[in-house]
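Beneath this line is the structure, given in structure tokens, with notes to follow.
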Amino acid sequence: MSPPSLCPLLAILSTRHPPSAGRLLQLHAHLLTAGLMSSRSPFPLASRLVEALAHSDDPRHSPRPLLHALALLASLPTPPDSASPYNAALRALSLCTDRGLVTRCLPLYCSLLRSARPDHLTFPFLLKACARLQERNYGNAVLGNVLSLGFHADVFVVNAAMHFLAVCSSMAEARKLFDGSHVRDLVSWNTLIGGYVRRGVPREALEMFWRMVGDGAVTPDEVTMIGVVSGSAQLRDLELGRRLHGYVESHGVRCTVRLMNVVMDMYIKCGDLERAKSVFEGIDKKTIVSWTTMIVGYAQFGLMDDARKVFDEMPERDVFPWNALMTGYVQCKRGKEALRLFHDMQEAMVEPDDITMVNLLSACSQLGALEMGMWVHHYIDRRRVSLSVMLGTNLVDMYSKCGNIEKAIRVFKEIPEKNALTWTAMISGLANHGHADVAIKYFQRMIELGLQPDEITFIGVLSACCHAGLVKEGQEFFSLMVSKYHLERKMKHYSCMVDLLGRAGYLDEAEHLVNTMPMEPDAVVWGALFFACRMHGNITLGEKAAMKLVELDPGDSGIYVLLANMYAEANMRKKADKVRVMMRHLGVEKVPGCSCIELNGVVHEFIVKDKSHTDIAAIYDCLHEITLQIEHTANMIDTSMLLAEPCKIVID
DNA sequence: TTAGGGTTAG
């Protein structure tokens, strides 16, 4: 076939309106049969076929034509001497959601360098891929090529380079490029503003925005506004967020769904649910993101019934709204509903992801649902080669909270890359199981490894000291967290210390701490002090603590009961009776105690004197039997055993 | 051809 006769075919293979992938594959098969793909002469045809295939379908949804294009490109007897087919493939690969496909950009660029010269289209695609893959070294080498080939004045290349630096290197590097560049457009500003927001430095982003507005060379568009409105949400600055929303409306910025979703998210984060709702209602064509954002909004305000209603009204759902609703249930401590939602999710054939698993494990921890937690563990094991640090941490926490500390330790040791959160979960687990010495050793090991403890790590360490009565060590940690680790002491740290000092009988020191702490003590702090007073028979201080507790929550029956018990223990019958009369007089009712147990994956709840369970007779028979056995065992037990460690745990 | 939104552990 002579070159002129190829023209009609070349015209068909347009990248703007390519034929369907099926037709292109058919055409390729015909050309192969006709022997037109083996010689050097039809090279433009092969190149155009690659380009058309790479443009034919959206590679995020159907990567097959792209894979075919790559195979075709690799099979050509003589590689193309033009960058175009490579660019087409790089463009499509850089769009893919599958990381494995994006990675293929790197060897493809090497092939390009062997046979052709990169052009102004090559670098934006390639740098985008490097940014997505976090390929810092490779990207830096590419930037070297940009300079040596003289593309540093191309605004598309410079913007892509800025984006790469913002993602993989530092904002300082990206900013240096921006400041030193003679070619700037709207995308340059947006790249920088978006970079600052992504890096969590919204103030810099806003400074750039006001400079951009003042500069006047470019006009902010919806992408700019997405950046700055997200920035105001990060700052939790409602006034600023409203001002930016006002700017959008007064300056005719296109109110795209994406922008409106961000505006909603800003109002939610800044605590204005009503405005978020009104923005949501104003969106014409709501996307799954709009619906999900509204679910998150209601959930954050604890309005789970409204969140559920939005979820039920959604016309279509992906994994995000399922996870958002499940997160809401978990955060509102409604673990049972989170588990129920997971069953619905399975029935709806929605593939759960890591976040679903994280939520499930948190729900299991709340409910003490060990069997379900183990099922989740098996599920994770089946689907993964290695355990991610986030899931691993959650598993450690779940096993600890569901009572199996040995298993928690085994999982901890299996996590290939542990972070400070993983160590904290392990330390807290050990502390709560009474293994104070081991918890402290784990803390020391964590520090040796160079990990930075935070406020929650210290809650774990202090509660370890508290459980073991290690007053001196506890005081040292309490002081160290400020002097060495520059952490702020929160309410929980003070309640731990009051508990530690009080239990050990240092009531004066505990009271002094309560009186001098920098925030108003909460019920947990006063409760710890009250408990210590009752334990050590300090009625005067106990009364003071109890009064504070009543002040903080007059409707809580628990404290009246405990106060009456304290008087009774101190043989102060009259005062005990007075408290009970006061309870009746004030109309305080004792809230019935509730406990739950998981059996064959079903969580059963029991309330005091509740007889509604179908197997209640058998349950009470069993309970009676257990009580008898405990009494019998208690009479037989050697008290020295109580002092022994329940199980021996060592660090490797 | 470059920039941009929703779920995430202790």
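Each chain gets a letter, A, B and so on, in the order the sequences are listed, and its residues count up from 1.
- Within 4.0 Å (heavy atoms only), A:E455 reaches no atom of the nucleic acid at all.
- Residue A:I355 has its side chain nearest to B:dT8 when only B:dT8, B:dT2, B:dG10 are considered.
- The aromatic ring of A:F156 is stacked on the base of B:dT1, with the two ring centres less than 5.5 Å apart and the planes inclined by under 30°.
- Remark: the A:N190 side chain and the B:dA3 base include a donor-acceptor N/O pair separated by less than 3.5 Å.
- Nearest nucleotide to the side chain of A:S362, out of B:dT1, B:dA9, B:dT7: B:dA9.
- If you check every strand for non-hydrogen atoms under 4.0 Å, A:I288 touches a base.
- Nucleic acid contact for A:F320: base, since at least one base atom lies under 4.0 Å from a heavy atom of the residue.
- Nearest to the side-chain atoms of A:T292 among the listed nucleotides B:dA3, B:dG10, B:dG6 stands B:dG6.
- Counting any heavy atom pair closer than 4.0 Å across all strands shown, A:T293 reaches sugar-phosphate atoms only and no base atom.
- Listed nucleotides: B:dT2, B:dG4, B:dA9. Nearest to the side chain of A:V389: B:dA9.
- One finds a salt bridge joining A:R383 and A:E351 here, because a Lys/Arg side-chain nitrogen approaches an Asp/Glu carboxylate oxygen to under 4.0 Å.
- Distance, A:F209 CZ to B:dG4 C1': 14 Å, rounded to whole Å.
- Taking only side-chain nitrogens and oxygens, A:K418 never comes nearer than 4.0 Å to OP1 or OP2 of B:dG10.
- Under 4.0 angstrom from either OP1 or OP2 of B:dG4 there lies at least one side-chain N or O belonging to A:R198.
- Counting non-hydrogen atoms under 4.0 angstrom, A:T393 reaches a base of the nucleic acid.
- A search for salt bridge (charged side-chain N to carboxylate O under 4.0 Å, His left out) contacts involving A:E222 returns A:R254, not counting sequence neighbours.
- The side chain of A:D454 has B:dG10 as its nearest neighbour among B:dT7, B:dG4, B:dG10.
- In this structure, of B:dA3, B:dG6, B:dG4, it is B:dA3 that holds the atom nearest to the side chain of A:V187.
- With rounding to whole Å, A:F443 atom CZ is found 19 Å from B:dG10 atom P.
- Taking the side chain of A:L121 as heavy atoms from C-beta on, and the options B:dT1, B:dG6, B:dG10, the nearest nucleotide is B:dT1.
- A side-chain donor from one of A:N190 and A:D221 sits under 3.5 Å from a side-chain acceptor of the other.
- In this structure, of B:dG6, B:dT8, B:dA3, it is B:dA3 that holds the atom nearest to the side chain of A:H163.
- The side chain of A:V223 lies closest to B:dA3 when the candidates are B:dT8, B:dA3, B:dG10.
- Remark: A:H120 engages no residue in a ring-ring contact (aromatic ring centres under 6.0 Å, His included) (not counting sequence neighbours).
- Residue A:D354 is out of contact with every strand shown, counting any heavy-atom pair closer than 4.0 Å.
- Contact annotation: A:Q331 reaches the phosphate of B:dT8 (side-chain N/O to OP1 or OP2, under 4.0 Å).
- Between A:W423 and A:Y442, the ring planes lie tilted relative to each other; the angle falls in the 30° to 60° range.
- Ring planes of A:F209 and A:Y247: perpendicular class, angle over 60° (limits at 30 and 60°).
- Here A:D119 lies out of heavy-atom contact (under 4.0 Å) with every strand.
- If you check every strand for non-hydrogen atoms under 4.0 Å, A:T356 touches nothing.
- Between the side chain of A:T424 and the base of B:dG10 there is at least one donor-acceptor pair of N/O atoms closer than 3.5 Å.
- Between the side chain of A:T457 and the base of B:dG10, a donor-acceptor pair under 3.5 Å is found.
- If you check every strand for non-hydrogen atoms under 4.0 Å, A:N359 touches nothing.
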